[in-house]
2 protein chains.
Amino acid sequence: MFCWITPIIFFDLIVTSPPYADSRAKTYGGISPDEYVAWFLPKSKQFLRVLKPTGTFILNIKEKVVAAERHTYVLELILALREQGWLWTEEFIWHKRNCHPGKWPNRFRDAWERCLQFNKTKKFRMFQESVMVPMGSWAKTRLKHLGKNDVVRFDSQVGSGFGKNIANWVGRDKAYPSNVLHLATETDNRNHSATFPRALPEWFIKLFTQEGDWVLDPFAGSGTTCAVAQRLHRNTVGIDVKREYVELAEEKTRSVEIVLLDPKPATNKKYAKKQTRRVH
Amino acid sequence: MFCWITPIIFFDLIVTSPPYADSRAKTYGGISPDEYVAWFLPKSKQFLRVLKPTGTFILNIKEKVVAAERHTYVLELILALREQGWLWTEEFIWHKRNCHPGKWPNRFRDAWERCLQFNKTKKFRMFQESVMVPMGSWAKTRLKHLGKNDVVRFDSQVGSGFGKNIANWVGRDKAYPSNVLHLATETDNRNHSATFPRALPEWFIKLFTQEGDWVLDPFAGSGTTCAVAQRLHRNTVGIDVKREYVELAEEKTRSVEIVLLDPKPATNKKYAKKQTRRVH
DNA sequence: AGCTCTTATGAATCATTGA
DNA sequence: GTCAATGATTCATAAGAGC
């Protein structure tokens with residue numbers, strides 16, 4: 001049931017939601033905010049190694065409030081990752097529509113998280129058509145009623161710019177999204193503490209990979225990313241230090257390779273050799 | 001018409017949208033991204049001086065793309081402002097629903113900007129009730145004009161998720177805000193290039209000040225902040241280096257004190273003494 | 001007045017061209 | 001070669017016109 005694997009450079013996408021600082025203390029040991037960057041960098045160094053040159057690394061994270069202030073470890077992590085060789089390509093905003101309720105004297109509900117995009121090179125793969133959203137009805141209506149007037153206008157307004165647009169929109173019912181994602185959190189994560197909606201990894205998997213590509217979630221948790229990737233016909237590898245999560249993930253997935261790291265391994269710095277467990 | 005003023009510590013709120021790096025080059029000289037922090041810090045040092053201990057400083061800013069990467073000057077600015085003594089209390093997201101169009105091979109449209117909240121102490125003034133009523137005039141307007149088409153349109157936009165909120169607001173007096181603001185940019189047709197929607201400063205003015213309080217916009221531009229503050233019965237001071245903007249702001253406001261700095265002053269580091277122009 | 005339809009345009013970004 | 005200027009791309013909104 002246990003075997004050795006030697007990772008090679010083959011991942012097209014790494015998408016993960018690592019434990020946030022001081023949160024999930026009981027499961028991950030509770031990394032303090034001040035130590036977070038130092039804790040993360042050795043791991044991201046390995047991500048850099050196993051990611052294809054055209055691949056993408058998506059990091060879902062949000063800084064917590066410490067002493068009434070937003071802590072700066074995420075900012076420092078971004079700067080440190082650039083030092084490590086990553087390109088900070090983009091920052092997507094995940095707007096949580098149904099964020100945690102509550103009221104505080106000098107703070108509102110936190111309704112967003114960062115989805116940081118890092119790349120190895122400027123020429124990374126991206127499949128924008130895969131995540132197009134339905135267009136606003138104004139355009140649909142416009143196109144539906146696109147009669148002689150519009151055609152005439154287009155013909156008469158050569159070079160005006162707007163007529164040209166109409167022409168481009170004909171037969172199109174979808175538009176490209178922006179870098180703000182509106183997704184609701186899910187509550188059906190039974191035992192895993194992090195609420196990671198399926199739609200979030202799904203969006204990035206569709207955007208940055210094709211069928212048959214390889215997707216890695218190095219903080220697999222309950223295996224949401226792996227399950228979603230599998231459903232989208234991508235190959236996946238999930239890693240987690242907690243056996244419970246691996247077993248939880250087994251229920252969700254079939255034939256997914258779940259790597260179980262020894263929580264306190266003597267030689268875990270040797271990434272090429274580690275204790276693994278093959279499921280099924 | 002010109003006079004000397006000696007600023008004292010009396011501002012309850014500083015809310016501003018400074019020129020972004022490399023933008024508004026023709027009007028502000030186009031600060032390069034690499035120089036931005038050094039350019040900003042002397043100014044924020046004065047903000048720190050003239051802000052009440054219980055006051056708030058709101059900074060609307062967004063980093064630009066340089067060489068296919070997000071530039072890090074905003075991150076560095078946050079860290080530098082903390083070094084200067086500011087508390088980084090919160091980061092609000094301004095979601096621009098009508099962001100600039102365009103399509104690029106490996107990037108989506110940029111639909112959000114940062115509204116960074118800084119304070120001098122943990123005990124700052126905040127009036128949450130003021131923004132709990134229909135979330136500002138933008139929501140009122142939307143609800144007022146909410147016809148059948150709007151409902152259909154918003155419901156049909158899968159990617160936005162905005163329709164649900166709209167529907168929830170109908171018939172409800174109060175909505176609990178989060179730290180994500182949904183505001184559209186305004187086209188003012190004026191000469192000022194930055195589109196700073198009135199609802200943005202309005203929201204923060206309501207949240208952090210009461211009637212009679214003092215509001216400062218050190219990059220006043222066309223004076224939107226001052227005009228809004230005035231309408232809300234707050235005292236305002238606007239500062240800008242461009243005389244045209246001061247004159248533009250005069251049309252918008254009455255009895256607002258607009259400070260016109262010499263564009264290339266010999267002793268502009270002496271903040272306490274500067275050439276000013278009193279309007280009316 | 002309320003609804004539909006029309007139109008301009010915005011802190012954008014990238015590839016290309018020209019100095 | 002490096003840097004600056006130009007063109008192409010494209011969607012949500014407000015304001016205005018028309019019924």
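Letters go in sequence order (proteins before strands), and every chain restarts at 1. Here the structure is a predicted model, which is why all the values come from computation and not from measurement. Computation of the quantities below employed the complete heavy-atom set of this structure, encompassing side-chain atoms and omitting hydrogens, waters and symmetry-equivalent molecules.
Rounding to whole angstrom units, CG of residue N98(B) and P of dA12(C) are separated by 12 Å. Spacing between atom CG of D110(B) and atom C1' of dA12(C) amounts to 7 Å, rounded to whole angstrom units. When rounded to the nearest whole Å, the span between CZ of R107(B) and P of dT9(D) equals 20 Å. Atom OH of Y176(A) is separated from atom P of dT10(D) by 7 Å (rounded to the nearest Å). In this structure, F108(B) places its CZ atom 14 Å from P of dT13(C), rounding to the nearest Å. Rounded to a whole Å, the CZ atom of R109(B) is 15 Å from the P atom of dC14(C). Distance W104(B) CH2 to dA15(C) P: 12 Å, rounded to the nearest Å. We find that CD of Q128(A) is positioned 12 Å from C1' of dT13(C), with the value rounded to whole Å.
Ring centroids of F118(A) and F47(A) are separated by 6.0 Å or more, keeping the two rings apart.
One finds no salt bridge joining E69(B) and K122(A) here, because no Lys/Arg side-chain nitrogen approaches an Asp/Glu carboxylate oxygen to under 4.0 Å. Between R234(B) and D213(B) there is no salt bridge, since none of the side-chain N atoms of the basic residue sits less than 4.0 Å from a carboxylate O of the acidic one. The residues K174(A) and E129(A) are annotated as not salt-bridged, no charged nitrogen and carboxylate oxygen being separated by less than 4.0 angstrom.
In this structure, R70(B) reaches the sugar-phosphate backbone alone: every heavy-atom distance under 4.0 Å involves primed, P, OP1 or OP2 atoms, never a base.
Ranking dT9(D), dC11(D), dA12(C) by closeness to the H100(B) side chain, first place goes to dA12(C).
Ring geometry, F92(A) versus F204(A): the interplanar angle exceeds 60°, so the pair is classed perpendicular (tilted spans 30 to 60°).
Note on R97(B): every side-chain N or O is 4.0 Å or more away from OP1 and OP2 of dA14(D).
Shown are W86(A), F124(A), F11(A); of these, the ring pair (Phe, Tyr, Trp, His ring centres under 6.0 Å) with F57(A) is made only by W86(A).
Of the residues near DNA chain C, I61(B) and A68(B), the one whose nearest nucleotide (by heavy atom distance) lies more toward the 5' end is I61(B).
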Check step by step if side chain to side chain contact (heavy atoms under 4.5 Å, CB included) holds for R70(A) and D110(A). CA-CA 11 Å; R70(A) 286 284 169 193; D110(A) 193 3; 3.4 Å; yes
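For DNA chain C, if you chain together Watson-Crick or G-U pairs that step i with j, i+1 with j-1 and so on, the runs of at least three with distances under 3.5 Å are C:2-10 with D:11-19, C:12-19 with D:2-9.
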